[in-house]
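For reference, the structure is listed below as C-alpha cells.
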Amino acid sequence: MNPAERRFEEIAPGRWRLGKEADRSMQSDAEVFASRAILQGALDDAAIEQVINVACLHGLVGASLAMPDIHQGYGFCIGGVAAFPADGGIVLPGGVGYDINCGVRLLASSIPATEFVVARERVGHAVLQRIPTGLTSRSACRLNKKEFQRVLSGGAGEIVRNFAGDAGDLEFIESGGCLPFDRPGVVSPKACERGSSQLGSLGSGNHFIEVQEVEEIYDPDAARLFGLQAGRVAVMIHTGSRGFGHQVASDYIETFRKRNLARLKLRDPQLVHAAIASAEGRNYLQALNAASNFAWANRQLLQEEVVTILEEVLGMGRGKLGLRLVYDQAHNIAKFERHEVDGRPLDLLVHRKGATRAFAAGHLEVPAAYRAAGQPVILPGSMGTRSYVLRGTGAGAALTFSSSAHGAGRCLSRHQAVKFAGHTDVRERLEKSGIVVCSLSSQGLKEEIPEAYKDVDDVVDVTVGSGISAKVARLRPLLVIKG
Amino acid sequence: MRNYETFSTTADSGIRFQGRGFGELYGNALRGLNLLLFGRNPRRRAGCESVPFRYCGDGPENVLVNLLAAALALAFQEGKVVTAVDLERAEPTRLEARLLLAPSRSVPRVEVKSTTYHGLHVVEKNGNLRAAIVFDV
C-alpha cells in the first residue's frame, strides 16, 4: 500500500478525503464515499491507487471522486468520477471505459407480482430464445450501412421511429437517448463491423435482464411520480454498446497514445488523454456520442423485445400491462454539464466510469414529470439480492457533481467467485430463494454469484447516509436472465 | 514465474508473461491469451492457415496490445485460434510475423472484449523481459 493511502480522513459520515499534500504528484484531493469496510476493500484491491492516479492529472476540478461501489478497474477505478473544465480541459477515454454508455433501464408495470410468478419460466425461456445473450452473441437485426449510421446519429429515437417503441419513452432516457453525432468519419470501419451484428443483443458478464417486484416504497411521492407501485412488476435491463463501444475506445486510446503519450508523465498509461479542443479530443467526443447512441438504441430494442414477450406470454397488450419506461441512465460516459463550483457556475466535462448521473429536483435535465423529485438513480444489486431506486439530491450536486453509485460493485474476482461457488448449483440455490435464473452459461452464473458483489444494502446505506442520493424504492428479483 | 500465466483483478482478468527476447515475449503473450480464453494452448497443426501480422509502434507495450487485439479479433469474430507464431522480425517497436491459425474447437471461456494499457510496462528482470496485461472482460 502506498503510504499516502493510509491517510484518508472521514470528513463527514461516509465521506473520506485524502489531501493532495499526501503525495507530491497529486494535483487535487481524492475523495471516496464509503463505509470503513468498503474503503478497506478498495485499499486492498488497488482501486484507491487508481483514485490517487486520477488526482495526479492536471486541470481536475474539485477532487478525484469514487462512489460507494468502488472497485479496481483499469486506469480509472470503477465508481470513479472526474470533472475537467469544458474550456481548456482534457478528455480521457480511460475515464469512460471500453463499454461506452453501458447503462441500465427500468420499466414499471401494473402487473401484480403474484400473477407474473406463475408465468415467469415461460418468459425467461422466451427471452433466452429471442434475445441473443452470452459470448459473442449476435443479433438477428441486420442493418445496412445507411441504417447503421442512422442508429449512430439517432440513438433510441431511431429505433422508436423506424422499428418499435413509443416516442414518449425518449423523455425518460438520459439526454433523450441521443447525443449529437454528425461526423461518421470519426468512427472506424472496424468499429462499425463489430457493432453492426450486435445491435439488439445483451452480451455476457454482468449484463442482465431482470424482472423484479417492487417490494418496498420509502418515498411514496417520488415512487408515485416514477410509476412504481408496491407488489407490481418492474423490468431492469443492463447492457451497453457491445463491440462497437469497445472498438471506439481502443481506437482512440491508440490515437491519443500516438499523439500525446510521449509528453505526458502518467503513472498509468491507461490514463492517456487529449485536450478537449484538440482534433483528436473532438473526434473522440463525437465517436463517444455515436457509441452512446448505439447503447441507447440497443437498450430500446431489448426493451421492445421484452415487452413483446410479456404481451405474448401474459396475453395482454402493453396498455393493460401498464408497462412504461421509468428511466434509462448511462454508467460509462463523459458529458458536458454545468455545475456550481466555489459558488460559480462552471461548464465541465464530467467523466463517470461505473457511476451514475444523479441530478437533483428542479434540474432542467430531469424529465418534467420527475422534476419535483429529482432524477431516478437505478442501483442494481447482484442477481440474488435486492436492487434499489434512488433519486438525485442537492447534496449530490454539491459533493459529487451530481453523481451516485451504479450498482453493488464487485468484491471478488471472477476466479475467486468460481472457486467460492465450488460445485454449488447456482440456479438451484437461487430458486430456493424464490428467484428463477435463466442463462446459457453455468460458468457465467458462478462468476456472478451474489457473494462476488458487495452487500448492496451497505452500498445504499453509504450512498444515502452521505446524502448523495435518497431512497425511493426497493426491488426484489423474480426472474434473472444473465448474459 | 512461469513463461505465461493468468491472473484476476476484481473486475477483470489478465496475463503475465516473460521471454528471453522480444520474439519469445510476444509469443508467450499469445500463449497466455490462449490459456485465458481456452484453458490450454492448441498444438501447431500441419498445413494450417496463416495470416501476416505487421505492426510498428512506439514501444513493446504498443506492439503487445495490438498483437493481442488482433488475436482477440480472430478468436471472437472469426472463431480462429493462433496456434503458433513464425517470427520474421521481433524488435521493441516492431513485429513482423505470420500467425498460424486453426479453427477454434471450443467456445472461449471468457469474453475478452479489449486489451488495456493499464499498468503495462515491459521490464527486464534476471535476463528476462516481463510484462502483465489486463483485459476488459
Side-chain angles (χ1 to χ4, degrees), chain A residues 41-42 44-47 49-50 53 71-78 94 97-99 134-137 190 193-194 197 203-206 242-243 245-247 249-250 253-254 257-258 261-262 266-272 354 409-418 441 443-444 447 452 483, chain B residues 5-15 35-39 55-81 93 104 106-123 131-137:
Chain A
D44 292 343
D45 85 347
E49 190 184 323
Q50 297 179 331
N53 290 347
H71 57 286
Q72 185 184 7
Y74 31 80
F76 261 50
C77 70
I78 296 166
Y98 285 90
D99 191 358
L135 292 175
T136 66
S137 49
K190 201 171 171 185
E193 190 190 325
R194 282 182 77 176
S197 62
S204 64
N206 62 359
R242 311 284 287 113
H246 280 267
Q247 194 59 47
S250 296
I253 287 170
E254 286 296 325
R257 269 183 73 86
K258 282 192 182 106
L261 188 69
L266 298 173
R267 287 188 172 186
D268 184 341
Q270 191 70 17
L271 294 176
V272 68
R410 284 192 83 93
C411 60
L412 293 184
S413 70
R414 286 173 167 79
H415 179 73
Q416 288 170 320
V418 171
S441 166
Q443 170 84 5
E447 290 177 357
Chain B
E5 60 193 22
T6 62
F7 65 90
S8 294
T9 66
T10 309
D12 297 296
S13 298
I15 54 172
L35 185 65
L36 180 69
L37 294 180
F38 304 106
Y55 189 80
C56 182
D58 58 36
E61 296 85 0
N62 191 211
V63 174
L64 280 164
V65 165
N66 282 278
L67 173 64
L68 295 177
L72 284 174
L74 287 164
F76 287 97
Q77 286 158 48
E78 297 185 30
K80 290 174 183 167
V81 57
T93 58
S104 171
S106 54
V107 176
R109 300 193 304 187
V110 55
E111 186 168 23
V112 175
K113 295 161 187 162
S114 297
T115 311
T116 82
Y117 283 96
H118 175 55
L120 175 56
H121 299 286
V122 174
V123 293
I133 285 186
V134 175
F135 298 101
D136 182 64
V137 298

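Here is the naming used below: chain letters follow the sequence lines, and residue numbers restart at 1 for every chain. Bear in mind the structure is a predicted one, so any value in this text is a computation, not a measurement.
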Under the side-chain hydrogen bond (donor to acceptor under 3.5 Å, both in side chains) test, residues paired with N62(B) that sit two or more places apart: E254(A), Y55(B), Y117(B)
Most heavy-atom pairs under 4.5 angstrom with chain B, which of Q443(A), R257(A), Q416(A)? R257(A)
Can any side-chain N or O of R414(A) pair as donor or acceptor with the backbone N or O of A11(B) at less than 3.5 Å? yes
Which bit of T6(B) is near chain A, if near means a heavy-atom gap under 4.5 Å: side chain, backbone, both or neither? neither
Counting only non-hydrogen atoms closer than 4.5 Å, does L412(A) touch chain B with its backbone (N, CA, C, O), its side chain (CB onward), both, or neither? backbone
Which heavy atom in H246(A) sits nearest to a heavy atom in S114(B), and how many Å separate them? ND1-OG, 2.8 Å
Test side-chain hydrogen bond (donor to acceptor under 3.5 Å, both in side chains) applied to R194(A) - qualifying residues, sequence neighbours left out: Q247(A)
Per-residue contact mode, I253(A) against chain B (heavy atom under 4.5 angstrom): side chain
With the threshold set at 4.0 Å, does a side-chain nitrogen-carboxylate oxygen contact exist between K113(B) and D99(A)? no
Whatever's closer than 4.5 Å to a heavy atom in chain A on V110(B) counts as backbone
Proximal component of E193(A), with respect to chain B [non-hydrogen, under 4.5 Å]: side chain
Full working for side chain to side chain contact (heavy atoms under 4.5 Å, CB included) between Y74(A) and T9(B): CA-CA 10 Å; Y74(A) 31 80; T9(B) 66; over 6 Å; no
Could you measure the distance from the CD atom of E447(A) to the OG atom of S13(B)? Nearest 0.5 Å is fine. 7.5 Å
Tell me, for D12(B) versus chain A, whether the close heavy atoms (under 4.5 Å) come from the side chain, the backbone, both or neither. both
For G119(B), is there any backbone N or O sitting under 3.5 Å from a side-chain donor or acceptor partner on D268(A)? yes
Would you say T10(B) and H71(A) are linked by a side-chain donor-acceptor pair, where the criterion is simply a distance under 3.5 Å? no
Looking at side-chain heavy atoms only, is the closest gap between H121(B) and P269(A) below 4.5 Å? yes
